[in-house]
Amino acid sequence: MPSQHLPSLNLIRVFEVAARRMSFKDAADELCVSPPAVSHQIRILEESLGVTLFKRENRKISLSAEGKRYYLHVKRGLDLIDTATLAVRKEKKKRRFIINTLPNIASLLLFPNIHEFQAKHPELNIQIDSDVSRIDLENSETTVAIRHECGNEPELTYHPLVRIALTPICSRGYLEQHPNLKEGDFSDCRIIKISGDTYQWPRWQTQWNLLPAMPDELVVSTVQASIEAVKNNIGVAMGYLPTAYQFMRKDSDLVLPMSNKVTPHGECFLTYCNSNADDEVIKAFHDWVVEIITQEWSDKNI
């Protein structure tokens, strides 16, 4: 709420120009008004503040002590307003590029690397929305989405990015404590599950006919949380390939105890409206994402 004691911005602006130019006439020329109009506005401001801002002597003016102090504060305030205004106008000229993606992809791929794409496209105002739900691209401001699985939406374009597969992951220390894991024996093992993906373990177990009861479980909310649990020797989690390679490259203590038992788990796609099929920025973003996936999710040097 505006302060009732704050003079109008027009009065403050007139004062700033007059104080800077030290002349009502020169201030009038800059403001495209008459000198009497400037003098009148200054009088109104002085009456509002209850102080004399200018000393008027023989057609010359100078700032009073109160005027000098007020000018310093006013100039600083107007400079801040000018800076903020220029920033808003600059941002308005930028194109908004909104990316909707899964939390795992946002944290592993986009957040650590998006500055590279931004540097190549400074004209963009990039926004990353991390969400497990599928957004309605046609009825939102979202530019592109990175999705797991292709939808039946003829109005959307889907570009394949990477195939996802499942295989267990644990620490070397945990595998030493449970050597039978290599043979698919989960006796005395703690299974780490992700609450948002309840089908990962059953899908993998069904394919490889490893269906023993697994009463000792830990349920976490994210892939990153499951990996942290693995690092701390809490249990064995389901690894998502090729994303697990990124964790393994950064932490050599992580291993795939049954790397020969891999189960397909769908595919990730870059998705956007058909109406944007010729958008050069979207094409550039697609190429950049493919490059980052190749760079971050490679199984080389593991």
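Note that these values count all heavy atoms, side chains included, but never hydrogens, waters or copies made by symmetry. Quick caveat: nothing in here was measured; it's all calculated off a predicted structure.
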* To do: Would you sort out whether Glu296 and Arg249 count as a side-chain contact (heavy atoms from CB on, under 4.5 Å), showing the intermediate values?
  => CA-CA 9 Å; Glu296 296 287 351; Arg249 193 168 61 250; 3.7 Å; yes
* Test side-chain contact (heavy atoms from CB on, under 4.5 Å) applied to Phe285 and His121, step by step -> CA-CA 10 Å; Phe285 181 74; His121 297 274; over 6 Å; no
* Asked: Should Tyr71 and Leu53 be marked as a side-chain contact (heavy atoms from CB on, under 4.5 Å) after you check the CA-CA gap, both sets of side-chain angles, and the distance that decides it?
  -> CA-CA 9 Å; Tyr71 175 67; Leu53 298 172; over 6 Å; no
* Evaluate side-chain contact (heavy atoms from CB on, under 4.5 Å) for Ile227 paired with Tyr240, printing each intermediate quantity in order. => CA-CA 11 Å; Ile227 295 298; Tyr240 293 78; over 6 Å; no
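In terms of modelled atom types and a separation under 3.5 Å, the side chain of Glu66 and the main chain of Gly50 share no donor-acceptor contact. Here the side chain of Asn232 pairs no donor or acceptor atom with the backbone of Ile234 at under 3.5 angstrom. Checked by atom type and distance alone, the side chain of Glu155 never pairs as donor or acceptor with a backbone atom of Cys273 at under 3.5 Å. Checked by atom type and distance alone, the side chain of Ser48 never pairs as donor or acceptor with a backbone atom of Ile44 at under 3.5 Å. Distance alone, capped at 3.5 Å, is enough to place a donor-acceptor pair between the Ser64 side chain and the Thr52 backbone. Here the side chain of Asn100 pairs no donor or acceptor atom with the backbone of Asp131 at under 3.5 angstrom. Checked by atom type and distance alone, the side chain of Asn276 never pairs as donor or acceptor with a backbone atom of Asp279 at under 3.5 Å. Ser226 places a side-chain N or O within donor-acceptor distance of the main-chain N or O of Val223, the cut-off being under 3.5 Å. Remark: the backbone N or O of Asp136 is paired with a side-chain donor or acceptor of Ser140 at under 3.5 angstrom.
Contact record, Ile194 with Ser221: CG2-O, 3.8 Å, taken as the closest heavy-atom pair. The shortest heavy-atom contact between Leu49 and Pro7 is CD2-CG, 4.1 Å. Pro264 approaches Val262 most closely through the heavy-atom pair CD-O, 4.0 Å. The heavy-atom pair separating Glu149 from Gly266 by the smallest distance is OE2-CA, 3.3 Å. Across every non-hydrogen atom of Met258 and Pro168, the tightest pair is CE-CG, 3.8 Å. Shortest non-hydrogen contact noted between Val236 and Ile169 is CG2-O, 3.3 Å.
Residues passing the ring pair (Phe, Tyr, Trp, His ring centres under 6.0 Å) test with His159 are Tyr272, His286, sequence neighbours excluded. For the ring pair (Phe, Tyr, Trp, His ring centres under 6.0 Å) test, no residue two or more places apart in sequence or in another chain qualifies with Phe111.
Under the 30°/60° scheme for interplanar angles, the aromatic rings of His265 and His148 are found to be tilted.
Distance check, rounded to the nearest 0.5 Å: CG of Asp188 to CG of Leu181 gives 10.5 Å. Atom OG1 of residue Thr143 and atom CD1 of residue Ile99 lie 7.5 Å apart, to the nearest 0.5 angstrom. To the nearest 0.5 Å, atom CH2 of residue Trp208 and atom CG of residue Asn260 are 6.5 Å apart. In this structure, SG in Cys170 is found 9.5 Å from NE2 in His178, a value given to the nearest 0.5 Å. Annotation: the span from Lys55 atom NZ to Lys60 atom NZ amounts to 14.5 Å, rounded to 0.5 Å. Note: His115 NE2 to Lys120 NZ = 10.5 Å, rounded to the nearest 0.5 Å.
At least one side-chain heavy atom of Leu175 sits under 4.5 Å from a side-chain heavy atom of Lys182. Contact check for Lys261 versus Trp204: side-chain heavy atoms found under the 4.5 Å cut-off. Residues Leu210 and Trp201 form no side-chain contact, since every pair of their non-hydrogen atoms from C-beta on lies 4.5 Å or further apart. Under the 4.5 Å side-chain criterion, counting only non-hydrogen atoms from C-beta, Phe15 is in contact with Leu63. Using a 4.5 Å heavy-atom threshold, the side chains of Phe24 and Arg56 count as touching. The closest side-chain heavy-atom distance from Trp288 to Asn113 is below 4.5 Å. The shortest distance between side-chain heavy atoms of Gln41 and Leu31 does not fall below 4.5 Å. Residues Leu156 and Arg147 have side chains in contact (heavy-atom distance under 4.5 Å, counting atoms from C-beta outward).
Residues Leu137 and Leu102 are members of separate hydrophobic clusters, defined by side-chain heavy-atom contacts under 4.5 angstrom among Ile, Leu, Val, Met, Phe, Trp and Tyr. Placement of Ile192 and Val219 in two distinct hydrophobic clusters is found when ILVMFWY residues are connected by side-chain heavy-atom separations under 4.5 Å, directly or transitively. Under the 4.5 Å side-chain heavy-atom criterion for Ile, Leu, Val, Met, Phe, Trp and Tyr, Tyr70 and Leu78 are members of the same hydrophobic cluster. Both Ile164 and Ile105 are assigned to one and the same hydrophobic cluster, defined by single-linkage of ILVMFWY side chains at heavy-atom distances under 4.5 Å. If you chain together hydrophobic residues whose side chains sit under 4.5 Å apart, Phe117 and Leu108 fall into the same group.
Other residues, nucleotides and ligands place no more than 12 heavy atoms under 6.0 Å from the CD atom of Glu141. No more than 12 heavy atoms of other residues, nucleotides or ligands sit less than 6.0 Å from atom CZ of Arg163. Crowding of Glu183 atom CD: a count of heavy atoms from other residues, nucleotides or ligands under 6.0 Å not exceeding 12.
Inspection of the Asn10 and Ser8 side chains reveals no N or O donor paired with an N or O acceptor under 3.5 Å.
Salt-bridge formation is detected for the pair Glu280/Lys283: a Lys NZ or Arg NE/NH1/NH2 atom is positioned less than 4.0 Å from an Asp or Glu carboxylate oxygen. Lys25 has a carboxylate O that lies under 4.0 Å from a charged side-chain N of Asp29, or vice versa, which qualifies the two as a salt bridge.
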